[in-house]
K.L.:
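A single structure is presented below for examination.
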Number of protein chains: 2
Amino acid sequence: MDHLTHLKTAGLKSTLPRLKVLNLFGNGNERHLSAEDVYKKLLASGDDVGLATVYRVLTQFEQAGLLIRHHFEGDKSVFELNEGKHHDHIVCLQCGRIEEFYDATIESRQKKAAADRGYSVHDHSLYIYADCIKPKCPNRL
Amino acid sequence: MDHLTHLKTAGLKSTLPRLKVLNLFGNGNERHLSAEDVYKKLLASGDDVGLATVYRVLTQFEQAGLLIRHHFEGDKSVFELNEGKHHDHIVCLQCGRIEEFYDATIESRQKKAAADRGYSVHDHSLYIYADCIKPKCPNRL
DNA sequence: ATGCAAATGAGAATGATTACCATTACCGGC
DNA sequence: GCCGGTAATGGTAATCATTCTCATTTGCAT
């Protein structure tokens, strides 16, 4: 399903700002972007979108299931493209790098923990805050 | 270790506002409180503390390890007394109830996930967002 | 008791996000 | 391909949580 179809499916008009934002997430090298990030990247590429629009569009995309919103430590929301495969995140406190991982055992234990206590799960978030210790971390300890 | 000792250990003067806040968490029925919650509760009990002080004190206590800060969905921070036993949280999206749980398997799988990828873990947060379906939920579905 | 550094509190300032509203851009029907 | 209505945009003001500033007060060691 391409971007245009995505928007239609979500009942959203196919407008320039929305396509630009989707593109950013679609082909970008960085998967995890805040509203401010998106705004600045669009400005940098000469695309002129208002900050208010960026916030609106991100929220709409989240509600439409196109994006996933994260609340890492800190104040601002971060978004990533929803590609259907749930995963959790490791955030490097030194360089900000975000690594994704999936552990079937963790997933099933979570479901069980909630079910055992009589809860019907909507979703869940697991963030591990850590330091890169491999060469890849520019601020490595 | 009592409250006074706690403060001393943390290198914090034993002042009235600080003791009042500690008391709130110590004997309160609700373990999870936001800054605004704390402020309102103190006002309600006739104790007159400034909002700025509440924020300051909560942050100091967090740094001293007396409190743990959580970022549930939504914008505001929530604090709970650190009683040494790590646990994760299930948050009811209907009534706001917060239930704590601990799963050793989840913990160890998390450690492994991070270690396998070359990370040195600081801490982690696992929140399950769900609906109470037991009689206990006032807004039960 | 005394003094001084640390803590407090009121209100201003900040940063992220949302609301308002006048202007503009989609999209279906002619 | 043009028109109109409606939804979308964007600039700015407003809001919300949180932090900063700074004059005043308090805890605590002497």
Side-chain angles (χ1 to χ4, degrees), chain A residues 2-24 32-64 66-67 69-79 96, chain B residues 2-24 32-43 45-64 66-79 96:
Chain A
D2 63 347
H3 290 165
L4 226 142
T5 319
H6 259 134
L7 290 178
K8 287 245 172 84
T9 304
L12 296 169
K13 271 189 191 166
S14 159
T15 68
L16 233 37
R18 297 215 254 242
L19 289 173
K20 286 174 185 167
V21 171
L22 260 193
N23 268 336
L24 253 195
H32 302 86
L33 300 170
S34 69
E36 196 70 27
D37 291 339
V38 170
Y39 179 64
K40 288 201 184 125
K41 275 181 180 293
L42 289 180
L43 280 196
S45 60
D47 297 311
D48 219 328
V49 269
L51 183 54
T53 300
V54 169
Y55 274 103
R56 239 181 336 227
V57 166
L58 289 176
T59 300
Q60 290 162 342
F61 284 0
E62 183 204 2
Q63 285 164 352
L66 299 183
L67 294 180
R69 182 195 297 260
H70 292 290
H71 301 93
F72 298 133
E73 267 177 10
D75 29 14
K76 61 186 73 167
S77 291
V78 171
F79 298 83
Chain B
D2 64 345
H3 291 164
L4 227 141
T5 318
H6 260 133
L7 291 177
K8 287 247 174 83
T9 305
L12 296 169
K13 270 189 192 167
S14 160
T15 68
L16 234 36
R18 298 215 255 239
L19 290 173
K20 286 174 186 168
V21 170
L22 259 194
N23 269 336
L24 254 194
H32 302 86
L33 300 170
S34 69
E36 195 71 27
D37 291 339
V38 170
Y39 178 64
K40 288 201 182 125
K41 274 182 182 293
L42 289 180
L43 281 195
S45 61
D47 297 312
D48 220 330
V49 270
L51 183 54
T53 302
V54 170
Y55 274 102
R56 244 180 331 225
V57 167
L58 290 176
T59 299
Q60 290 163 341
F61 285 0
E62 183 203 3
Q63 285 165 351
L66 299 183
L67 294 179
I68 297 173
R69 182 195 298 260
H70 292 290
H71 301 91
F72 297 133
E73 267 178 11
D75 29 14
K76 60 186 74 165
S77 290
V78 171
F79 297 82

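Chain letters run A, B, ... following the sequence lines, proteins first, then strands; residues in each count from 1.
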K.L.:
Quick one: does B:K76's side chain get under 4.5 Å of B:H71's, heavy atoms only?
P.N.:
no
K.L.:
Using OP1 and OP2 only, check whether a side-chain N or O of B:Y55 sits under 4.0 Å from D:dT19.
P.N.:
no
K.L.:
Does B:V78 or B:S14 map to a spot on DNA chain D nearer the 5' end, using the closest nucleotide for each?
P.N.:
B:V78
K.L.:
For A:H71 and C:dA16, give me the distance from atom NE2 to atom P, rounded to whole Å.
P.N.:
14 Å
K.L.:
Measure from CG on B:L51 to P on D:dC16 and round the result to the nearest Å.
P.N.:
14 Å
K.L.:
I need the CZ-C1' distance between B:F79 and D:dA17, as an integer number of Å.
P.N.:
11 Å
K.L.:
Toward the 5' end of DNA chain C, which comes first, B:G50 or A:L12, by nearest nucleotide?
P.N.:
B:G50
K.L.:
Confirm from the modelled atom types if B:R18 and D:dG27 form a donor-acceptor pair under 3.5 Å, side chain to base only.
P.N.:
no
K.L.:
Once you round it to whole Å, what is the distance between C1' of C:dT17 and CG of A:D37?
P.N.:
15 Å
K.L.:
I need the CZ-P distance between A:F61 and D:dA8, as an integer number of Å.
P.N.:
11 Å
K.L.:
Choosing from D:dT18, D:dT9, C:dA16, which nucleotide comes nearest the side chain of A:T53?
P.N.:
D:dT9
K.L.:
Name the closest nucleotide to the A:T15 side chain, picking from C:dA10, D:dA8, C:dT17.
P.N.:
D:dA8
K.L.:
Any base atoms under 4.0 Å from A:S34, or only sugar-phosphate, or nothing? Heavy atoms, all strands.
P.N.:
nothing
K.L.:
To the nearest Å, give me how far apart CD (A:E36) and C1' (C:dT18) are.
P.N.:
15 Å
K.L.:
Give the nucleotide from the list C:dG11, D:dT18, D:dG10 with an atom nearest to the side chain of B:A35.
P.N.:
D:dT18
K.L.:
To the nearest Å, how far apart are B:K20 NZ and C:dA7 P?
P.N.:
17 Å
K.L.:
For B:L66 and B:Q60, what are the C-alpha separation, side-chain angles and deciding distance, and is it a side-chain contact (heavy atoms from CB on, under 4.5 Å)?
P.N.:
CA-CA 9 Å; B:L66 299 183; B:Q60 290 163 341; over 6 Å; no
K.L.:
Look at the side-chain N and O atoms of A:S77 and state whether any lies under 4.0 Å from the OP1 or OP2 oxygen of C:dT17.
P.N.:
yes
K.L.:
Measure from CG on B:L43 to C1' on C:dA10 and round the result to the nearest Å.
P.N.:
13 Å
K.L.:
Hey, does A:V78 have a side-chain heavy atom less than 4.5 Å from the side chain of A:L33?
P.N.:
no
K.L.:
Heavy-atom nearest nucleotide on DNA chain D for B:R69 versus A:L16: which residue maps closer to 5'?
P.N.:
A:L16
K.L.:
Quick check for you: among C:dA5, D:dT9, D:dT18, whose closest atom lies nearest to any side-chain atom of B:K13?
P.N.:
C:dA5
K.L.:
Where do A:K13 and A:L7 come nearest, in terms of heavy atoms and distance?
P.N.:
O-CD1, 4.2 Å
K.L.:
Could you tell me which non-hydrogen atom of A:P17 sits nearest to which non-hydrogen atom of A:V49, and how far apart they are?
P.N.:
CB-CG1, 3.6 Å
